[in-house]
Amino acid sequence: MKFPKFTDLILFEDNDVIVVNKPPFIASLDEREGGEINMLRLAKQYTDDAQICHRLDKETSGALIIAKNPEAYRTVSMQFERRKVKKVYHAVIDGTHVFDDLKVDLPILNVGKSSVTISRQEGKPAETWFKSLQYFKHYTLVECRPVTGRMHQIRIHLATQRASIAGDEMYKGQPVFLSKLKRKYTLGKDQEEQPIMKRFALHAYEVSFKLPSGEDVCIHAPYPKDFETLLKLLNKFDS
């Protein structure tokens, strides 16, 4: 995999923080001991005191806030703790679903090994709002606004609505194949069809927060190529 130049990912920068458009398949932090490249390492090569203020799943692309100094890290972290950071994600989900500001508040329990479950008894409070943005014949583009920041929150909350994210096999989401969308689609002999997106279709589209200077900012992260391609093909063959 070719690693992007960190400077090419920057959406916003001042003396205290950087907001980058995290590419898919790069972890936010060190996942294991070892030499795997991740956003924290890339950021530290750019500015020594870099700290990641929140996490995105490895497969999730989009807006990620990085602090350039300890004071900025404290300021932004406090905003996350107090739920003052507004996050908007876009996801492509299986099926047609009309969500008109649907609130899902099912408690999430972390059961270890990067997996979570819904548990009303032992789970931690979790709240997400969902709104349908665009309908296709077999899929829906939805806006997801998490209020809390639990692991896999958007993914499992959508799964509880029988609206798993396309390609999210951990939560029963099916990969999208062109042969499913396009009539008379033929593969060459001995070719195995690849899904349109080789990951689940979730993108951190927007983040709004207060800079340490006191100024409010709202940063949009453009869709990466794979997400854009999926939407283009859905518009062409599934609308």
Side-chain angles (χ1 to χ4, degrees), residues 21-29 31 38-39 52-65 80 83 85-99 101-120 122-136 138-177 195-207 221 223-224 226-228 230-231 234:
N21 195 353
K22 181 184 103 55
F25 308 114
I26 299 183
S28 300
L29 301 164
E31 290 188 317
N38 56 59
M39 292 311 297
I52 304 281
C53 298
H54 58 119
R55 262 187 167 168
L56 293 178
D57 287 342
K58 191 171 181 176
E59 287 186 34
T60 305
S61 53
L64 183 70
I65 307 170
F80 274 104
R83 299 180 187 163
V85 180
K86 185 179 158 233
K87 295 166 290 180
V88 178
Y89 291 73
H90 285 184
V92 175
I93 56 174
D94 292 339
T96 303
H97 299 271
V98 181
F99 296 148
D101 275 334
L102 168 77
K103 176 185 174 181
V104 178
D105 55 353
L106 294 166
I108 293 173
L109 177 67
N110 191 332
V111 288
K113 289 202 178 121
S114 292
S115 89
V116 300
T117 184
I118 299 290
S119 167
R120 291 181 191 278
E122 299 165 74
K124 289 184 171 172
E127 183 185 321
T128 322
W129 293 77
F130 297 104
K131 186 180 178 180
S132 302
L133 296 176
Q134 191 180 359
Y135 303 103
F136 303 100
H138 303 96
Y139 300 93
T140 312
L141 174 67
V142 291
E143 177 185 276
C144 322
R145 300 191 308 280
V147 177
T148 46
R150 309 285 170 222
M151 186 162 96
H152 297 189
Q153 178 174 316
I154 292 171
R155 298 164 62 190
I156 197 166
H157 274 177
L158 280 167
T160 66
Q161 306 305 303
R162 299 212 168 119
S164 297
I165 297 176
D168 193 359
E169 293 180 28
M170 185 180 244
Y171 298 104
K172 300 193 166 62
Q174 300 300 311
V176 187
F177 291 100
I196 296 168
M197 268 181 93
K198 294 184 169 65
R199 62 177 179 115
F200 51 80
L202 181 64
H203 175 70
Y205 178 70
E206 184 187 295
V207 66
Y223 293 149
D226 60 353
F227 201 96
E228 209 169 67
L230 175 61
L231 286 174
L234 290 176

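Note that the numbering runs from 1 along the sequence shown for the chain.
Between Pro224 and Ser61, the closest side-chain pair of non-hydrogen atoms falls below 4.5 Å. Taking 4.5 Å as the limit, some side-chain heavy atom of Pro24 sits within range of a side-chain heavy atom of Asp226. Residues Val111 and Ser115 have side chains in contact (heavy-atom distance under 4.5 Å, counting atoms from C-beta outward). Side-chain atoms of Ile118 and Thr160, non-hydrogen and from C-beta on, do get closer than 4.5 Å to each other. You'll find the side chain of Ile52 reaches within 4.5 Å of the side chain of Met39, heavy atoms only.
Residues meeting the salt bridge (charged side-chain N to carboxylate O under 4.0 Å, His left out) test with Lys86, sequence neighbours left out: Glu206. Checked against ring pair (Phe, Tyr, Trp, His ring centres under 6.0 Å), Phe99 has the following partners two or more places apart in sequence or in another chain: His97.
Note: Glu59 CD to Asp168 CG = 7.5 Å, rounded to the nearest 0.5 Å. To the nearest 0.5 angstrom, Ser28 atom OG is 7.5 Å from His54 atom NE2. Interatomic distance, CG of Asn21 versus CG of Leu64, reported as 9.5 Å (0.5 Å rounding). Expressed to the nearest 0.5 Å, how far OG1 of Thr128 lies from CG of Leu158 amounts to 7.5 Å.
Exactly one residue among Val116, Thr117, Thr148 makes a side-chain contact (heavy atoms from CB on, under 4.5 Å) with Ile108. That residue is Val116.
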Margin query: Between Ile65 and Phe80, does the side chain to side chain contact (heavy atoms under 4.5 Å, CB included) criterion hold? Intermediate values first, please.
Written below: CA-CA 11 Å; Ile65 307 170; Phe80 274 104; 4.1 Å; yes

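Cation-pi geometry between Arg155 and Phe200 is met: under 6.0 angstrom from the ring centre, within 45 degrees of the axis.
Between Asp57 and Arg199 no salt bridge is recorded (no basic side-chain N to carboxylate O distance below 4.0 Å).
Between the Lys124 side chain and the Leu109 main chain, no donor and acceptor come within less than 3.5 Å of each other. The backbone N or O of Lys58 lies less than 3.5 Å from a partner atom in the side chain of Lys22, making a donor-acceptor pair.
Counting only residues at least two apart or on different chains, the ring-ring contact (aromatic ring centres under 6.0 Å, His included) pairs with a member in residues 145-177 are His152-Tyr171.
Note: His90 and Phe227 fail the aromatic proximity criterion, with ring centroids not under 6.0 Å apart.
Side chain to side chain, Thr140 and Gln134 fail the donor-acceptor criterion of an N or O pair below 3.5 Å.
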